[in-house]
Structure formats: C-alpha cells, structure tokens
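What you see below is based on every heavy atom in this structure, not just the backbone, and it leaves out hydrogens, waters and symmetry mates.
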Amino acid sequence: MRKYPIILIIDDSKVFRSFCHDIIKKSVRLARICEAKDGVEGLKLYVKYRPDLILLDYVMPNLDGSKVLEYIRKNDKDTRVIMISAWKDDQTTINYLMKLGAFSFISKPMNRTILMKVVTDALHQGKITSNSNRISKSVVLSEYYP
C-alpha cells in the first residue's frame with residue numbers, strides 16, 4: 001500500500017511531457033512522476049512502477065496509445081488512464097477509447113485547469129473505488145491549485 005500516487009506520462013512530445021510534469025508537480029504534492037517517450041518505453045515503466053494514473057497519448061511511434069491501453073486493461077482494472085490526442089478527437093475515437101477502458105479523454109492543446117481537473121478527478125476516484133486501495137491517503141493539492 002503506498003501513501004502517494006505514482007503518475008506516468010507517455011507521450012512522444014518532450015514539450016508536452018514537460019508541460020504535464022511541471023503542472024502536476026506544482027499541484028499534487030509528493031506525487032512521483034515518470035515519463036516515457038513512446039508506448040514501448042511506457043509499458044516497461046508501467047510494469048516496473050504500476051502507476052495509479054497514466055496520461056497516455058493516442059498517436060505515437062512504435063506502439064500507439066490504444067494498444068498500450070488494451071495491454072493495461074488486460075492486466076489491471078485499477079490504474080486510471082487518461083487518453084490525450086491532438087489528432088483523433090472525433091466522437092467515434094473517444095467512444096472507442098472509453099470502451100477500451102480509458103477514464104477520460106483530453107484534446108491537445110489543453111490548459112492547466114483542464115489538465116488538473118481531470119488528473120485530480122482520476123486520482124480521487126481511484127482512491128475511492130479501487131479494490132487494491134493503492135493510495136492510502138488522500139491526494140494533497142498544493143496552494144497553487146485553486
């Protein structure tokens with residue numbers, strides 16, 4: 001049982017990973033944040049850390065986000081996965097990803113408020129509904145988050 005969340009960001013854009021990392025680090029105290037540049041590296045980090053939350057890009061080289069999501073759902077029902085994409089934000093794609101087991105979908109570009117709303121919702125729902133109860137204490141937001 002861990003006290004604070006582990007968050008994995010899987011995206012081929014270094015700029016986007018840095019954006020998410022910086023925003024989350026300022027807003028969620030004591031979270032451990034890991035980053036992967038593609039789906040293959042993301043799955044390796046997923047297996048190693050078993051994160052509580054994953055921010056997952058839909059379109060990536062080597063292994064796309066839907067395949068990563070399918071693998072995670074076959075092995076883990078508790079980890080919350082937020083799908084992100086700048087390219088595939090049509091309703092059919094969103095429905096497909098939600099059916100695969102995504103917690104939510106966010107279109108790029110996004111602002112800090114939208115990102116943190118979805119992240120905190122996912123972390124809190126994971127804490128409340130998770131059978132494994134991997135987060136034993138509530139997520140503590142810093143004073144930067146309204």
Roughly how far, to the nearest 0.5 Å, is [atom2] of [Y] from [atom1] of [X]?
{"X": "Cys20", "Y": "Met116", "atom1": "SG", "atom2": "CE", "result": "10.0 Å"}
{"X": "Leu53", "Y": "Ile6", "atom1": "CG", "atom2": "CD1", "result": "11.5 Å"}
{"X": "Leu123", "Y": "Ile82", "atom1": "CG", "atom2": "CD1", "result": "7.5 Å"}
{"X": "Leu56", "Y": "Ile72", "atom1": "CG", "atom2": "CD1", "result": "6.0 Å"}
{"X": "Ile23", "Y": "Ile114", "atom1": "CD1", "atom2": "CD1", "result": "12.5 Å"}
{"X": "Asp11", "Y": "Lys108", "atom1": "CG", "atom2": "NZ", "result": "3.5 Å"}

Over all atoms of both residues, closest heavy-atom pair of [X] and [Y]:
{"X": "Phe103", "Y": "Met98", "value": "O-CE, 3.4 Å"}
{"X": "Phe105", "Y": "Ser107", "value": "CE2-OG, 3.5 Å"}
{"X": "Ser85", "Y": "Val59", "value": "OG-CG2, 4.3 Å"}
{"X": "Ala31", "Y": "Ile7", "value": "CB-CD1, 4.1 Å"}
{"X": "Ala102", "Y": "Leu69", "value": "N-CD2, 3.9 Å"}
{"X": "Tyr4", "Y": "Asp52", "value": "O-OD2, 4.2 Å"}

Per-pair distances, 0.1 Å, donor-acceptor, side chain in residues 33-44, under 3.5 Å, sequence neighbours excluded:
from: Glu35; atom 1: OE1; to: Arg17; atom 2: NE; distance (Å): 3.4
from: Lys37; atom 1: NZ; to: Glu41; atom 2: OE1; distance (Å): 3.2
from: Asp38; atom 1: OD1; to: Val40; atom 2: N; distance (Å): 3.1
from: Asp38; atom 1: OD1; to: Glu41; atom 2: N; distance (Å): 2.8
from: Asp38; atom 1: OD2; to: Asn62; atom 2: ND2; distance (Å): 2.8
from: Glu41; atom 1: OE1; to: Lys37; atom 2: N; distance (Å): 3.2

Task: Set of residues satisfying side chain to side chain contact (heavy atoms under 4.5 Å, CB included) with respect to Asp12, sequence neighbours excluded - done: Asp57, Met60, Pro61
Open item on the list: Does Leu100 form a side chain to side chain contact (heavy atoms under 4.5 Å, CB included) with Met83? I'd like the steps, not just the answer.
Closed with: CA-CA 11 Å; Leu100 285 179; Met83 295 301 298; over 6 Å; no
Open item on the list: Donor-acceptor check, side chain of Thr120 to backbone of Lys117, threshold 3.5 angstrom: yes or no?
Closed with: yes
Open item on the list: Between Asp22 and Lys26, does any side-chain N to carboxylate O distance fall below 4.0 Å?
Closed with: no
Open item on the list: Go through it in stages, so that I can follow the logic: the residues are Leu97 and Tyr58, the test is side chain to side chain contact (heavy atoms under 4.5 Å, CB included), and I'd like the CA-CA distance, side-chain angles, deciding distance and then a yes or no.
Closed with: CA-CA 9 Å; Leu97 294 171; Tyr58 180 63; 3.6 Å; yes
Task: Residue pair Val118 / Met110, side-chain heavy-atom distance below 4.5 Å - done: no
Open item on the list: Could you go through Arg80 and Ile54, starting from their C-alpha distance and side-chain angles, then the distance that decides it, and tell me whether this counts as side chain to side chain contact (heavy atoms under 4.5 Å, CB included)?
Closed with: CA-CA 6 Å; Arg80 301 292 181 245; Ile54 299 173; over 6 Å; no
Task: Derivation and outcome, side chain to side chain contact (heavy atoms under 4.5 Å, CB included), residues Leu115 and Leu55 - done: CA-CA 10 Å; Leu115 175 64; Leu55 299 174; 4.2 Å; yes
- [ ] Indicate whether the side chain of Asp76 and that of Tyr46 have a donor and an acceptor atom separated by less than 3.5 Å.
- [x] yes
Task: Distance-only side-chain donor-acceptor flag, Ser66 / Asp64, under 3.5 Å - done: yes
Task: Qualifying residues under side-chain hydrogen bond (donor to acceptor under 3.5 Å, both in side chains), relative to Arg73, sequence neighbours excluded - done: none
